[in-house]
Amino acid sequence: VLVDVALVALGDLRAAYRRFVATSPQSRPVVTPLLAHLQRHETDLRQARSRLTPGVSVESPQPRPSGVLGRGVASVLRAERQASRTCLTGARTAAHPEVARLLAQTAASHAQHAALLTRAVM
Amino acid sequence: VTDAEALDQVLRLEHATIWLLAVVGARLDDARRDLVRDAVDAHRTARDRLVAAVAAAGGDPTSSEIAYRLPATRNLAAAVRLQAATVRAYDALIAAASTADLRGLAAELLVSAAEHLALFRWAADAHLATATSAYPGR
């Protein structure tokens with residue numbers, strides 16, 4: 001469940017980036033490496049879930065409707081911070097050390113993104 | 001390795017990092033010194049939490065040394081190396097801790113340390129791709 005919740009937050013983040021790049025194509029060079037990290041987190045979290053709970057469906061959680069978060073860089077920042085908070089909450093409560101570590105690293109990575117986007121763009 | 005020993009090992013690193021970052025930061029320009037000062041404040045908070053955690057785990061928290069061996073170069077790259085060492089230490093602590101509570105503490109401190117590491121790297125070369133990593137500490 002913790003991994004699913006994290007994946008929803010990451011899905012929201014992906015949607016926020018997609019909208020941001022659509023409205024600000026010049027941001028693509030900045031966004032691309034951050035999206036690559038996001039992709040790795042999603043992949044590794046799904047793999048961890050599959051390995052730790054074999055036989056359980058691994059359908060991707062759906063991000064919330066796109067109107068929720070807005071389109072600007074502020075919406076990306078909000079989604080980065082939310083993703084970091086959600087993953088950190090999961091890391092604090094995860095019973096499995098491997099999941100805790102994966103969620104903590106994901107939280108740390110998105111905290112880095114948020115800190116740098118604040119400096120670089122705002 | 002017991003939880004108290006694992007925590008105390010990171011505590012010793014925090015003592016050294018606080019001292020060394022303060023020395024390195026003093027040689028930087030104003031903007032970069034402010035970045036390092038913010039990080040040192042975060043390390044002091046981390047140190048205090050670790051002291052409490054070591055004691056709660058039944059250990060005897062190590063005190064700070066009077067001084068530490070200075071790095072050969074005292075610039076932002078040195079600060080990056082010091083900060084990266086703490087990120088690795090918290091990642092290792094998550095793996096070593098025996099309880100969810102301690103993993104949670106290590107996770108919180110990992111996030112904070114990684115955030116400052118990214119800001120140091122950004123100040124050093126201003127490239128987002130090299131300032132962040134998918135798995136800080138790994």
Side-chain angles (χ1 to χ4, degrees), chain A residues 2 6 10 17 27-45 47-48 73 76-77 80-81 83-122, chain B residues 1 3 6 10 31-32 34-35 38-39 42 46 49 53 80 83-84 86-138:
Chain A
L2 294 173
L10 295 179
Y17 270 121
S27 67
R28 190 176 295 278
V30 173
V31 165
T32 298
L34 307 185
L35 277 172
H37 293 167
L38 173 58
Q39 176 74 49
R40 287 190 59 189
H41 297 149
E42 290 179 319
T43 300
D44 287 1
L45 284 167
Q47 286 178 347
V73 69
V76 171
L77 260 176
E80 284 282 15
R81 290 180 180 132
S84 182
R85 278 195 300 269
T86 300
C87 291
L88 179 56
T89 299
R92 282 197 196 107
T93 51
H96 198 291
E98 181 187 341
V99 172
R101 186 177 177 217
L102 187 54
L103 287 171
Q105 289 175 322
T106 303
S109 182
H110 291 287
Q112 288 187 326
H113 293 181
L116 289 174
L117 283 171
T118 302
R119 297 255 166 184
V121 183
M122 300 297 277
Chain B
V1 178
D3 282 339
V10 184
R32 292 175 177 189
D34 286 347
L35 272 183
D38 289 346
R49 295 185 70 184
V80 167
Q83 190 69 23
T86 63
V87 171
R88 287 193 299 273
Y90 286 120
D91 181 48
L93 185 58
I94 295 171
S98 69
T99 68
D101 280 350
L102 287 185
R103 285 194 291 274
L105 171 65
E108 288 176 35
L109 299 178
L110 169 69
V111 169
S112 173
E115 198 172 332
H116 290 287
L117 174 60
L119 292 172
F120 285 6
R121 285 180 171 153
W122 168 255
D125 70 9
H127 289 291
L128 276 176
T130 52
T132 66
S133 57
Y135 293 110
R138 190 180 288 185

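Below, chain A is the first sequence line, B the second, and so on; all start at residue 1.
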Judged by atom type as modelled, is there a donor-acceptor pair below 3.5 Å linking the side chain of Arg103(B) to the main-chain atoms of Ala95(A)?
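Side chain of Arg103(B) to backbone of Ala95(A), a donor-acceptor pair under 3.5 Å: yes, one is there.
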Main chain of Ala114(B), side chain of Gln112(A): is a donor-acceptor contact present, judged purely on distance under 3.5 Å?
yes
When the 4.5 angstrom heavy-atom criterion is applied to Ala115(A) and chain B, the contacting part is both
So for Leu34(A), is it side chain, backbone, both, or neither that comes closer than 4.5 Å to the heavy atoms of chain B?
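For Leu34(A), side-chain heavy atoms alone lie under 4.5 Å from chain B.
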Please identify, among Ala111(A), Ala108(A), Pro33(A), Ala91(A), the residue contributing the most non-hydrogen atom pairs under 4.5 Å to chain B.
Ala108(A)
Distance in Å, Arg101(A) CZ paired with Ile94(B) CD1, rounded so as to fall on 0.5 Å steps:
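Answer for the CZ-CD1 pair, Arg101(A) versus Ile94(B), is 7.5 Å.
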Which heavy atom in Leu88(A) sits nearest to a heavy atom in Glu108(B), and how many Å separate them?
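Answer, listing the atom of Leu88(A) first, then Glu108(B): CD1-N, 3.8 Å.
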His41(A) and Tyr135(B) aromatic centres sub-6.0 Å:
yes
Interchain contact, Leu35(B) with chain A, by part (heavy-atom threshold 4.5 Å)
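Leu35(B) touches chain A through side-chain heavy atoms alone.
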Which one of Gly104(B), Gly137(B), Ala134(B) has the most heavy-atom pairs closer than 4.5 Å to chain A?
Ala134(B)
Specify which of Ala100(B), Pro136(B), Ala97(B) makes the most heavy-atom pairs with chain A at under 4.5 Å.
Pro136(B)
Close side-chain approach of Ser109(A) and Ser133(B), heavy atoms under 4.5 Å:
no
Hey, are the side chains of Arg85(A) and Val111(B) touching, using non-hydrogen atoms and a 4.5 Å cut-off?
no
Does atom CZ of Arg138(B) have more than 12 heavy-atom neighbours from other groups under 6.0 Å away?
yes
